[in-house]
Every structure is written in structure tokens, then in C-alpha cells.
Amino acid sequence: MKEYDHNKIEKKWQKEWSDGDVYKTLDSKKAKAKKLKPFYVLDMFPYPSGAGLHVGHPRGYIGSDVYSRVKRMQGYNVLHPMGYDAFGLPAEQYAIEHKIHPRKAVDINVKTFEKQLSIIGLSYDWSRRVNTTDPEYYRWTQWIFLQLFNSYYDTKKNKAENIDSLVKVFEKSGNAKVNAHHTCKIIFSGKEWKNFDALKRQEILMNYRLTYEAESEVNWCEGLGTVLANDEIVDGKDGKQVSERGGFPVEKMIIKQWSMRITAYADRLIKGLDTLEWSSHIKEIQKNWIGESVGSEIEFKIKDNDEKIKVFTTRADTLFGVTYVVLAPESILIEKLSDQIKNKKEIEKYISDVKNKPEEDRKSAEKEKTGVVLEGIYAINPANNEEVPVWVADYVLSSYGTGAVMAVPMYDERDNQFAVKYNLPIIDRPLVDIKEITEMVGGKIVTKYKMRDAIFARQRYWGEPIPLRRDRDGIISSVKKLPLELPKVTSYEPTGKAEGPLAGVKAWVKDGYETNTMPGWAGSSWYFLRYMDPKNGKSLVGENEINYWKNVDVYVGGAEHATGHLLYSRFWHKFLKDIGVAKTEEPFKKMKNQGMILASDNRKMSKRWGNVINPDEIVKTYGADTLRVYEMFMGPFDQSLPWSTESIIGSRRFIERVWRLSAKVSNSKTSSELEKVLHKTIKKVNEDIENFAFNTAISSMMIFVNEAEKNECISVSDFKMFLQILAPFAPHFTDELWHEMGEQKSIHISGWPKYNPKKIIEDSMKIVVQVNGKVRSELSISIDATDDQIKEIALKDKVIISWVNGADIKRVIYVKGRLVNIVV
RNA sequence: GCCCGAGUGGCGGAAUUGGUAUACGCGCACGACUUAAAAUCGUGUCUCGCAAGGGAUGCGGGUUCGACCCCCGCCUCGGGCACCA
């Protein structure tokens with residue numbers, strides 16, 4: 001018997017697999033010729049950070065690898081690729097810290113990453129690797145940007161449409177009745193449209209485009225020199241907002257920015273969640289993030305004025321209890337009403353004070369609410385024609401609902417606080433039916449969302465250039481020839497202004513290109529489509545390929561991307577579906593989220609704590625097979641677990657026991673008892689892997705080995721079946737033993753064993769007998785026994801008779817195949 | 001504050017989702033092999049009790065023949081949102 005030398009075996013098989021193209025994915029044409037069905041298993045591609053991997057990083061990759069290997073063995077044409085998300089802040093920060101160009105830093109980091117990953121024995125088809133910073137890749141990111149730019153959202157057809165068709169409508173009949181998701185505040189006729197100059201038209205269309213430029217409030221991070229998305233910000237120690245990366249302070253600012261109209265898809269993004277096999281936890285987070293709420297829009301007339309105040313409320317049933325109305329300080333109505341406002345100066349001062357106040361003060365719930373009454377202005381409650389005062393107050397947000405609120409201090413806590421502070425009446429009126437009252441006052445039921453449009457620009461160098469140019473008159477046009485390559489700069493450090501380092505490239509600016517670049521999520525929002533057809537120079541993905549693969553079948557990655565990547569990808573995918581590129585409504589049908597591996601001190605692994613365990617070391621001492629088995633065995637896949645180098649020995653022992661078990665393989669038959677255990681194990685492993693319950697799959701294989709060791713021999717065919725179910729977890733040494741059993745081809749393309757239902761049938765069953773719910777006896781009864789027979793046998797059992805002790809038997813409950821409970 | 005999730009031996013965890021709680025593994029103890037050690041193998045290992053038996057799934061109650069699982073009220077930890085009308 002050879003010694004188990006993991007280093008030798010693992011090196012040998014990794015080379016064999018690579019030389020033999022064992023994990024090569026077939027393109028659709030070849031696959032169809034062979035009648036192979038597609039199966040797409042995807043890992044979230046990493047930022048190649050350069051810090052090196054710790055033992056926790058590969059956990060998700062190992063899980064998805066096990067799953068992919070099973071699918072491959074089951075005869076699917078498996079697409080299991082890997083690539084790099086290398087644009088964006090992490091890569092750029094690393095480059096700045098290490099004083100090298102981000103391009104070089106990315107290349108170095110990718111190499112380090114691949115070297116570390118290669119020793120784990122993952123079954124990627126490396127020939128399909130993508131990198132978001134590759135011009136041949138970001139050419140298509142830019143292409144998608146332009147498609148969005150040239151589209152608007154048709155709310156009637158409920159899909160994106162080309163902006164040209166909207167222009168035609170404008171020409172014909174203006175915009176009064178368009179069915180479009182927009183922010184356009186002016187109404188014009190077809191005639192007026194024709195008289196608008198090009199700049200005016202551009203300005204109007206900007207309100208409809210799915211990628212648009214607008215003044216918007218942004219999170220400005222001085223430390224990183226850029227604007228950040230809401231999901232890139234976290235609460236700092238003192239409760240103030242800081243950047244997730246680096247922990248720098250973040251403040252609100254109004255800047256003209258490129259944005260994406262994700263809000264147009266809010267409804268579809270919520271509805272689609274029901275069709276997804278994702279953890280309910282992540283669906284819940286997305287649902288809350290999108291924040292759908294159904295309520296009523298109700299108009300309050302203004303006394304002695306033609307203007308109206310439109311409020312949004314989810315509590316129209318409290319309409320009779322309204323004692324005042326509040327406008328957000330940003331409300332344009334205030335300007336319109338100014339002639340009638342008696343305390344104009346005071347109002348103006350209040351508004352400017354609010355604007356200069358940091359947003360975090362304004363948003364904190366503990367903060368005292370402030371406000372000023374608009375003297376001379378009264379709103380008329382449409383339900384009872386009562387005149388109520390109108391206030392401006394900073395607790396009303398302009399960005400949500402209609403930017404105006406009807407205040408019902410009796411029922412709303414915030415209104416109540418405000419009313420108490422400013423001595424406003426609090427009245428108790430009976431509640432009415434929401435639907436009825438809304439109809440009665442001529443309002444309508446509408447749906448509002450908390451989600452905001454996504455800002456699509458970063459004031460940084462290391463990102464995709466925005467493929468637009470602006471001529472001297474300010475007219476924007478699409479760049480015709482993609483990719484628009486990122487120019488070389490002398491300094492890629494942040495400039496600290498609302499423009500990026502590209503502003504320092506004279507030729508770039510002269511040509512009218514944008515100095516902002518795209519945010520990190522641009523390249524990662526569609527990469528899964530590129531893997532289907534990574535070298536296609538004519539289109540983002542070929543028709544044949546996308547029709548074959550359709551979408552990702554199983555997506556594996558961290559749960560922390562719930563409101564970022566996973567939402568943006570769904571948004572883009574839906575858009576790509578609308579324009580005919582994607583073929584399904586959702587990109588990721590099923591998703592599994594791996595838990596983090598913590599250090600043994602239960603903290604995150606980090607250089608800072610000095611508790612990092614390096615996978616290279618573990619592979620060297622214990623082997624990749626052991627590492628893989630251990631990481632899958634240590635606990636539920638989606639749960640965060642502490643690493644224990646002490647416990648890994650159990651997985652190593654398991655592998656060695658299988659290795660030694662091969663000495664018991666012979667041509668004689670396996671005992672029927674062991675055969676039964678084997679087939680049960682095959683059944684269990686198959687089910688468990690399908691559910692990503694890898695830990696219990698391994699434990700059942702351990703039970704089989706324990707059982708097998710008690711036997712004198714095991715047949716070649718039975719042992720081979722066992723190797724096959726173990727192979728996805730420990731691919732190297734199982735392939736070695738497989739060949740030792742006389743096989744020529746790799747075990748990983750050898751087929752997946754099926755259990756034989758006949759071989760797991762028991763001829764007797766173990767029935768537990770309880771008296772009043774307490775276990776008192778155990779019986780072995782023939783499988784053919786009827787329910788009544790079983791009850792009778794239980795009642796006649798000596799132990800049971802002594803427990804019942806002649807008492808009246810009230811009930812006898814029989815649970816099929818499990819237990820009898822006798823109630824006395 | 002609001003919305004999710006979790007809490008089981010010394011440790012990681014299992015339990016067919018209402019039916020034998022603690023599978024599997026680590027650790028520990030004892031034994032075998034060995035001059036010895038390592039490795040390996042065997043036995044034991046929730047708790048009280050000599051035993052018969054009793055008690056334990058964060059705490060307190062409830063439903064049920066039967067509850068880790070369902071319901072009500074707490075506690076602790078993790079995650080999400082946060083003046084969203």
C-alpha cells in the first residue's frame with residue numbers, strides 16, 4: 001500500500017486536468033451536437049486586492065466547485081468561470097498606497113490571486129476568464145451605458161423603449177400625456193417642442209433618459225475624493241456617516257451628476273423577487289431597500305390662490321384629523337406663493353439655515369424638529385373644507401412622496417412632537433375608509449418607493465470612461481467607436497474637486513469627454529453574460545450562446561451585496577431584457593450565500609488582529625483535499641464559523657481512512673448490510689449537495705467509512721461509487737484511487753452514481769414505544785405489519801405492560817414507521 | 001425606534017421540519033500495539049444518581065398524546081433600515 005502523499009498527488013492531478021482540458025466548457029454549438037444540457041454555476045468574481053487570500057476567501061469557491069463538479073458528473077455542460085472586478089476604489093486605493101499604476105497593480109494582484117487559488121483544485125474553465133478593466137470588456141460596459149442613455153421607460157408597455165420614439169411623440173403632441181417614467185416638470189405641446197432649440201430639447205430629454213445628468217444630492221467623501229453610493233456608506237463610531245472603505249467622513253453636497261433611473265424598475269425589481277430561489281433574508285433586505293409603500297395622493301387647495309398642495313399619505317383614513325400641512329424646505333411651491341407670504345424674510349432665512357445644516361443632523365430622529373409657519377397661507381382640507389395653517393419644516397423630505405405632508409398629530413408621532421412644540425391643535429376625529437375617502441376627495445391611490453436613482457459617476461481615475469462627448473455648445477453625443485479607452489495620466493490621485501483626475505488630461509478635456517468615470521458596480525452588473533461568450537468581438541454576447549445558457553442557474557457569494565451589486569445586476573438585466581439582449585427577466589435564478597470564516601478568536605481574520613490563517617500553509621501541511629473537506633464539513637454553508645486548525649485533523653483522518661480502505665477492495669461481494677449503508681449514503685449525499693448542505697453530506701460519508709472499516713472487504717464497483725460521491729469534495733486523491741482501480745479517464749467526468757432503491761429497503765423497522773410521551777421501549781417489527789398489529793405488539797411488550805401497570809388506556813397513537821405512544 | 005435572523009455538550013455542529021435530542025467531527029479519559037513516543041485501533045464521554053429513575057435545547061408561560069421545532073412575553077447576540085408621512 002502506497003503512502004498518502006498529498007503534495008505529490010495534488011500536483012500530479014492538477015496538471016493532468018489542465019493538460020486534458022477536463023473542465024473545459026463547450027460552446028452552444030458543440031454542446032447541442034452532443035445533446036448536452038447547460039448548467040451555469042457562478043461565483044461572485046473578486047476584487048483582486050493584493051492583500052492575499054486567507055482561509056475564509058475560498059469557502060464560497062469550494063462550495064460552488066463541489067456543486068459544479070456534481071453537475072458535470074451528472075452530464076451537464078457546466079459553465080463555471082472566474083474573473084476579476086478590478087475597476088473601482090479598492091484597486092485604486094491599493095495602487096495609490098503602493099505607488100504603482102493601477103493597471104500594473106491589477107496585473108500583479110491577479111497573478112497572486114490565481115497562484116493562491118490554483119492550489120485548491122477548483123474546476124474553472126480559465127479560458128473564459130474576464131477582467132472588467134480590459135478595454136475589450138469595458139467596451140461593452142460602455143455600450144450598455146449608451147443603450148440606457150438612449151432609452152426611456154414606457155410605463156404603459158412597462159419596458160424600456162428607444163428615446164427616438166419618445167421624440168416622435170413630442171413632435172406630434174408634446175409631453176402632456178406621455179406614458180413615461182420621468183422627472184420633467186414642464187408641460188409643452190408638439191408645436192412648442194418644434195420651436196425648442198437643440199439645447200432645450202436635450203435638457204428636456206434628460207428628464208426621460210434612463211441614464212441622465214441632473215443636479216442631485218450626493219455623498220461626498222473628501223478622504224476618497226469622490227462621490228459614494230448609499231450602500232458604500234456605513235455608520236461610524238460616533239453615529240456619523242463614513243465611507244465603508246477607509247472610514248472617511250461623508251457629507252451631503254449638490255453636484256451635477258450622471259445617474260441611472262433604477263427607480264423606473266422599482267416595481268419589477270420587487271415583483272421579480274417572488275420568482276427567485278434566494279434566501280428570504282436577502283429578498284427581505286432588497287424589499288426594504290426598495291421600500292414600496294401604497295398610499296393616497298390628495299390635493300389641498302390654497303385659500304385665495306390657484307396653487308395646490310399635493311400630499312402623500314398612507315393614512316388617508318385620518319384625513320379628518322389634519323390640523324396643519326407641512327412643506328419640505330426645498331419645495332418650489334414656497335417660491336410660487338411668495339407674494340402671499342407675509343413673513344417672507346423669516347422663511348427665506350429658515351430655508352437657507354436648513355440648507356447649510358449638515359444632512360446627518362437633519363436626518364437623525366432624536367433631533368428636535370424645527371419649522372416656520374407660512375403666514376397668510378392656508379390650505380383647505382378637501383374632506384371638510386377646514387382651513388389649516390401651512391408650515392415649512394425640515395422633518396419633511398423633498399425627495400420622498402410629494403415633498404409635502406398633511407399633519408395628523410393625533411395619529412402620527414412626528415406630527416405630534418411638532419404640534420406639541422409649536423402649540424398646534426391635536427384633534428381626535430373618527431377614522432374613515434382609506435379607499436372611500438381618497439375617491440371622495442378626488443385623490444388617487446399611488447405607490448411610492450424609498451429607493452433613489454443611482455448616481456453613476458465617480459471623481460476618480462480608475463473606472464470606465466463615460467462614452468459621451470459634449471461639444472462647445474453643450475450638446476452631448478454618444479461616442480461612436482467603442483471602447484473609449486482610459487487615457488494615461490501623470491497623476492491618478494484624487495483631485496479633491498467634483499471632477500476626476502481626467503480633468504488634468506488636456507486632450508481629453510479638449511475633446512469634450514467627461515472627467516468622471518463609472519462607479520465600481522458598472523462592470524460587475526453584467527459580467528455573468530460575458531462569460532457565456534467572452535471573446536465575441538461583435539456583440540456583448542452572441543445570440544446562440546445566450547439562448548443556450550439563458551441565465552445563471554446557481555449564484556454563490558456573500559450576502560453583503562444585497563443592496564448593491566445584486567440590485568444593480570437585476571436592474572441592468574431587466575433593461576437588457578427589454579432591449580432584447582438578455583432572454584430572461586432575472587439574472588440569478590438561485591443563490592446561495594456563504595458564511596464568513598472567522599478566526600478562532602471569533603473575530604474577522606485581519607492583519608490588524610494578527611489572526612490570519614493562510615490557505616497555502618494549510619494546503620502544504622494537510623493538502624488541498626483536506627482543506628476542501630474541512631471547509632465544507634465545519635458547519636452550514638451559509639453560516640459564519642470560527643476556524644479551528646485543531647479540528648482540521650478530523651478531515652485529514654477521514655481522507656486517510658478512505659485511502660487505507662482501498663486495501664480492502666476485492667473482487668468478492670460487499671456484505672448486504674454495507675451495501676445498504678452505501679446506497680443510503682449516495683441518496684443522502686445527492687440530496688444534501690442539492691441543498692448546499694455539504695456538512696451533513698460529509699458526515700454521512702464518514703458514517704459509511706466507519707461502517708466499511710468493520711467489514712472484511714468491499715467490492716470494486718461499490719468502492720468506486722463511493723469514490724465518485726466523494727470526488728467533488730476531494731477531487732485529487734479520489735482521482736488517484738480511481739485510476740488505481742483500473743480506470744483510464746478522470747473520475748470527474750465519469751458519471752454520477754445513482755442509488756438503487758431496492759437496496760435501501762429495510763425488512764424490519766425500529767419502533768419506539770412511549771408511555772405518555774416518554775420513551776420506554778424499542779421494538780423491531782417486520783415492515784409488513786399493519787398499524788393495528790404494531791399497536792398490539794407494543795401493548796404486549798413486557799416493559800410497556802409494567803409501565804402501564806393496569807391503568808386505563810385512553811389512546812394509542814401510531815406514527816408510521818416511527819413510534820407508538822400509549823396515553824394512560 | 002422599526003423590520004429580519006440566531007441561541008442545543010468543553011468546542012464546531014446534527015435532528016427526516018411536531019415524533020428516540022445531542023448524529024458526524026474536534027477535544028478529553030482509559031485501554032491495545034510499541035523499549036518508548038508519534039501514528040493507528042478499541043472503549044467511554046450532556047447532567048444528577050450506587051441503581052431504579054429524574055432533569056436538560058437562552059429565560060418564563062401556553063397549545064399538544066408528544067415541542068429544539070408552533071403561539072405569547074422577556075433576555076442576549078448578529079444583520080438590515082432609520083423623520084420615507
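So you know, we letter chains A, B, ... as the sequences are listed, proteins then strands, and number each from 1.
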Undergrad: Pick base, sugar-phosphate or nothing for A/I822, based on heavy-atom distances below 4.0 Å to the nucleic acid.
TA: nothing
Undergrad: Please give the distance between the C1' atoms of B/C75 and B/G58 as a whole number of Å.
TA: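 It works out to 7 Å between them.
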Undergrad: Check whether any side-chain nitrogen or oxygen of A/K774 sits under 4.0 Å from OP1 or OP2 of B/G55, and answer yes or no.
TA: yes
Undergrad: Between A/R315 (CZ) and B/C83 (P), how many Å, whole number?
TA: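 Spelled out: CZ on A/R315 to P on B/C83 is 20 Å.
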Undergrad: Using a 4.0 Å heavy-atom cut-off, does A/D415 contact any base of the nucleic acid, only the sugar-phosphate backbone, or nothing at all?
TA: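 The residue A/D415 makes no contact with any strand.
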Undergrad: Using a heavy-atom cut-off of 4.0 Å across all strands, would you classify A/S644 as base, sugar-phosphate, or nothing?
TA: nothing
Undergrad: Would one find a side-chain N or O of A/N695 under 4.0 angstrom from OP1 or OP2 of B/G25?
TA: no
Undergrad: Taking atom NZ as the centre, does A/K308 end up with more than 12 heavy-atom neighbours from other residues, nucleotides or ligands that are less than 6.0 angstrom away?
TA: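 No, not enclosed.
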Undergrad: Mind checking if A/Q770 touches a base, just sugar-phosphate, or nothing, with heavy atoms under 4.0 Å?
TA: base
Undergrad: Given the C1' atoms of B/G44 and B/A52, what is the spacing between them in whole Å?
TA: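 So the two C1' atoms sit 22 Å from each other.
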Undergrad: Could you state the CE-P distance from A/M701 to B/C24, rounded to the nearest angstrom?
TA: 15 Å
Undergrad: Tell which nucleotide pairs with B/A29, taking only Watson-Crick or G-U wobble pairs whose two distances are both under 3.5 angstrom.
TA: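 Its partner is B/U43.
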Undergrad: Take A/S699 and A/G773, find for each the nucleotide of RNA chain B with the closest heavy atom, and name the residue whose nucleotide sits nearer the 5' end.
TA: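 Upstream on the strand: A/S699.
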Undergrad: Classify the glycosidic conformation of B/U17 as syn or anti, calling it syn when the angle lies within 90° of 0.
TA: syn
Undergrad: Does the side chain of A/Y400 get closer than 4.0 angstrom to OP1 or OP2 of B/A85 through an N or O atom?
TA: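 Looking at the OP1 and OP2 atoms of B/A85, one of them is under 4.0 Å from a side-chain N or O of A/Y400.
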Undergrad: A/Y630 and ring pair (Phe, Tyr, Trp, His ring centres under 6.0 Å): which partner among A/W643, A/Y622, A/F654, A/F694?
TA: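 Of A/W643, A/Y622, A/F654, A/F694, ring pair (Phe, Tyr, Trp, His ring centres under 6.0 Å) with A/Y630 is met by A/W643 alone.
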Undergrad: Would you indicate which nucleotide in B/A23, B/G13, B/G80 comes nearest to any side-chain atom of A/L641?
TA: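 So the nucleotide nearest the side chain must be B/G13.
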Undergrad: For the residue pair A/H6 and A/Y4, does the interplanar ring angle fall in the parallel (under 30°), tilted (30 to 60°) or perpendicular (over 60°) class?
TA: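 Tilted, since the angle between the ring planes falls between 30° and 60°.
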Undergrad: How close or far is atom C1' of B/G19 from atom CD of A/E778, stated in whole angstroms?
TA: 14 Å
Undergrad: Would B/G62 be called syn or anti, given that syn covers angles within 90° of 0?
TA: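 Classified anti.
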Undergrad: All N/O contacts under 3.5 Å from nucleotides 61-64 of chain B to the protein, with atom names and distances to one decimal?
TA:
none

Undergrad: Find the partner of B/A36: check Watson-Crick (N1-N3 plus N6-O4 or O6-N4) and G-U wobble (N1-O2, O6-N3) distances, both under 3.5 Å, and reply none if neither fits.
TA: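 Looking at the geometry, B/A36 pairs with no nucleotide.
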Undergrad: Under 3.5 Å, is there a donor-acceptor pair between the side chain of A/D625 and the main chain of A/F733?
TA: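 Answer holds: yes.
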Undergrad: With a non-hydrogen cut-off below 4.0 angstrom, is A/L819 in contact with a base, only sugar-phosphate, or nothing?
TA: base
Undergrad: Mind checking the P distance from B/C72 to B/G5? Whole angstroms is fine.
TA: 12 Å
Undergrad: Suppose you measure atom P in B/A67 against the same atom in B/G61; what distance do you get, rounded to whole Å?
TA: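 Going atom to atom, P in each nucleotide, I get 14 Å.
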Undergrad: Distance check needed: B/A52 C1' versus A/N805 CG, whole Å only.
TA: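 For the pair A/N805 CG and B/A52 C1', the rounded distance is 15 Å.
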Undergrad: CE of A/M765: more than 12 outside heavy atoms within 6.0 angstrom?
TA: yes
Undergrad: Looking at every strand, decide which applies to A/W803 at a 4.0 Å heavy-atom threshold: base, sugar-phosphate, or nothing.
TA: sugar-phosphate
Undergrad: Could you tell me which residues satisfy side-chain hydrogen bond (donor to acceptor under 3.5 Å, both in side chains) with A/D317, sequence neighbours excluded, listed by chain and number?
TA: A/R315
Undergrad: For atom NZ of A/K676, is the number of surrounding heavy atoms from other residues, nucleotides or ligands below 6.0 Å larger than 12?
TA: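 Enclosed: over 12 neighbouring heavy atoms sit under 6.0 Å from NZ of A/K676.
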Undergrad: Which nucleotide wins on minimum distance to the side chain of A/F633, given the candidates B/C83, B/G25, B/C41?
TA: B/G25
Undergrad: Whom does B/U20 pair with, Watson-Crick or G-U wobble, provided both distances fall under 3.5 Å?
TA: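 Because no pair has both required distances under 3.5 Å, B/U20 counts as unpaired.
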Undergrad: Taking B/G62 as the reference, what is the distance to B/C69 when you measure between their P atoms (whole Å, please)?
TA: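 Pairwise P distance, B/C69 against B/G62, rounds to 14 Å.
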Undergrad: Any strand counts, and the cut-off is 3.5 Å on both contacts for Watson-Crick or G-U wobble. Which nucleotide pairs with B/G7?
TA: B/C75
Undergrad: Please report the distance separating the P of B/G60 from the corresponding atom of B/U43, rounded so that it comes out in whole Å.
TA: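 Each nucleotide's P atom is 38 Å from the other's.
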Undergrad: OP1 or OP2 of B/U40 less than 4.0 angstrom from a side-chain nitrogen or oxygen of A/R653, does that happen here?
TA: yes
Undergrad: For A/V823, which contact category applies under a 4.0 Å heavy-atom criterion: base, sugar-phosphate, or nothing?
TA: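 Answer is sugar-phosphate: A/V823 comes under 4.0 Å of backbone atoms only.
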Undergrad: Ignoring the backbone of A/L397, work out which of B/C24, B/C65, B/A85 is nearest its side chain.
TA: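 Closest of the options to the side chain of A/L397: B/A85.
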Undergrad: I'd like the P distance from B/G31 over to B/A36, given in whole Å.
TA: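 Straight-line distance between the two P atoms is 13 Å.
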Undergrad: What's the CZ-C1' distance between A/R452 and B/A82, to the nearest Å?
TA: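 Checked: the CZ to C1' distance equals 12 Å.
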Undergrad: To the side chain of A/N288, which of B/C3, B/U40, B/C83 is closest?
TA: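 So the nucleotide nearest the side chain must be B/C3.
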Undergrad: Could you tell me whether the phosphate oxygens of B/G78, OP1 or OP2, come under 4.0 Å of any side-chain nitrogen or oxygen in A/N602?
TA: no
Undergrad: Watson-Crick or G-U wobble partner for B/G49, using a 3.5 Å limit on both distances?
TA: none
Undergrad: Please give, in whole Å, the distance from B/C26 C1' to A/F654 CZ?
TA: 15 Å
Undergrad: Atom CG of A/D688 to atom P of B/A23: distance rounded to whole Å?
TA: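 Taking atom P of B/A23 as the reference, CG of A/D688 is at 17 Å.
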Undergrad: Could you tell me whether A/R657 contacts a base, only the sugar-phosphate backbone, or nothing, with contacts defined as non-hydrogen atoms closer than 4.0 Å?
TA: sugar-phosphate
Undergrad: Would you please say whether a donor-acceptor pair under 3.5 Å links the side chains of A/N706 and A/R657?
TA: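 Short answer, yes.
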Undergrad: With nearest nucleotides of RNA chain B determined for A/I649 and A/R776 from heavy-atom distances, which residue corresponds to the more 5′ nucleotide?
TA: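 Checking each residue's closest nucleotide, the 5'-ward one belongs to A/I649.
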Undergrad: Report the residues that fulfil ring-ring contact (aromatic ring centres under 6.0 Å, His included) with A/Y411, sequence neighbours left out, ordered by chain and then residue number.
TA: none
Undergrad: At under 4.0 Å, does any side-chain N or O of A/Q639 touch on OP1 or OP2 of B/A6?
TA: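 Checking B/A6 against A/Q639, no side-chain N or O comes under 4.0 Å of OP1 or OP2.
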Undergrad: Is A/F312 close to A/Y400 at the side-chain level, that is, under 4.5 Å between some pair of heavy atoms?
TA: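 Yes. Closest side-chain heavy atoms under 4.5 Å.
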Undergrad: Please give, in whole Å, the distance from B/C65 C1' to A/N772 CG?
TA: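 In whole Å, B/C65 C1' lies 8 Å from A/N772 CG.
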Undergrad: Now, which nucleotide makes the Watson-Crick or G-U wobble pair with B/C81, with each of the two distances under 3.5 Å?
TA: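 By the stated definition (distances under 3.5 Å), B/G1 pairs with B/C81.
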Undergrad: Tell me whether the count of non-hydrogen atoms from other residues, nucleotides or ligands lying under 6.0 Å of CD in A/E386 goes above 12.
TA: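 Yes, because the 6.0 Å sphere around CD of A/E386 holds more than 12 heavy atoms from other groups.
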Undergrad: Please tell me whether A/Y395 and A/D415 have a donor and an acceptor in their side chains that are separated by less than 3.5 angstrom.
TA: yes
Undergrad: With the side chain of A/R818 defined as its heavy atoms from C-beta on, choose the nearest nucleotide among B/G19, B/C26, B/G80.
TA: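 Among B/G19, B/C26, B/G80, the one nearest the side chain of A/R818 is B/G19.
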Undergrad: For B/G25, take OP1 and OP2 only and decide whether either is under 4.0 Å from a side-chain N or O of A/R652.
TA: no
Undergrad: Within the structure shown, what part of the strands sits under 4.0 Å from A/S280 by heavy-atom distance: base, sugar-phosphate, or nothing?
TA: nothing
Undergrad: From the options B/U40, B/C24, B/G79, select the nucleotide whose nearest atom is closest to the side chain of A/M702.
TA: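 Among B/U40, B/C24, B/G79, the one nearest the side chain of A/M702 is B/C24.
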Undergrad: Taking only the P atom of each, what is the distance from B/U16 to B/G1 in whole angstrom?
TA: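 These two P atoms come out 36 Å apart once rounded.
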Undergrad: Using Watson-Crick or G-U wobble geometry with both distances under 3.5 Å, which nucleotide pairs with B/U63?
TA: none
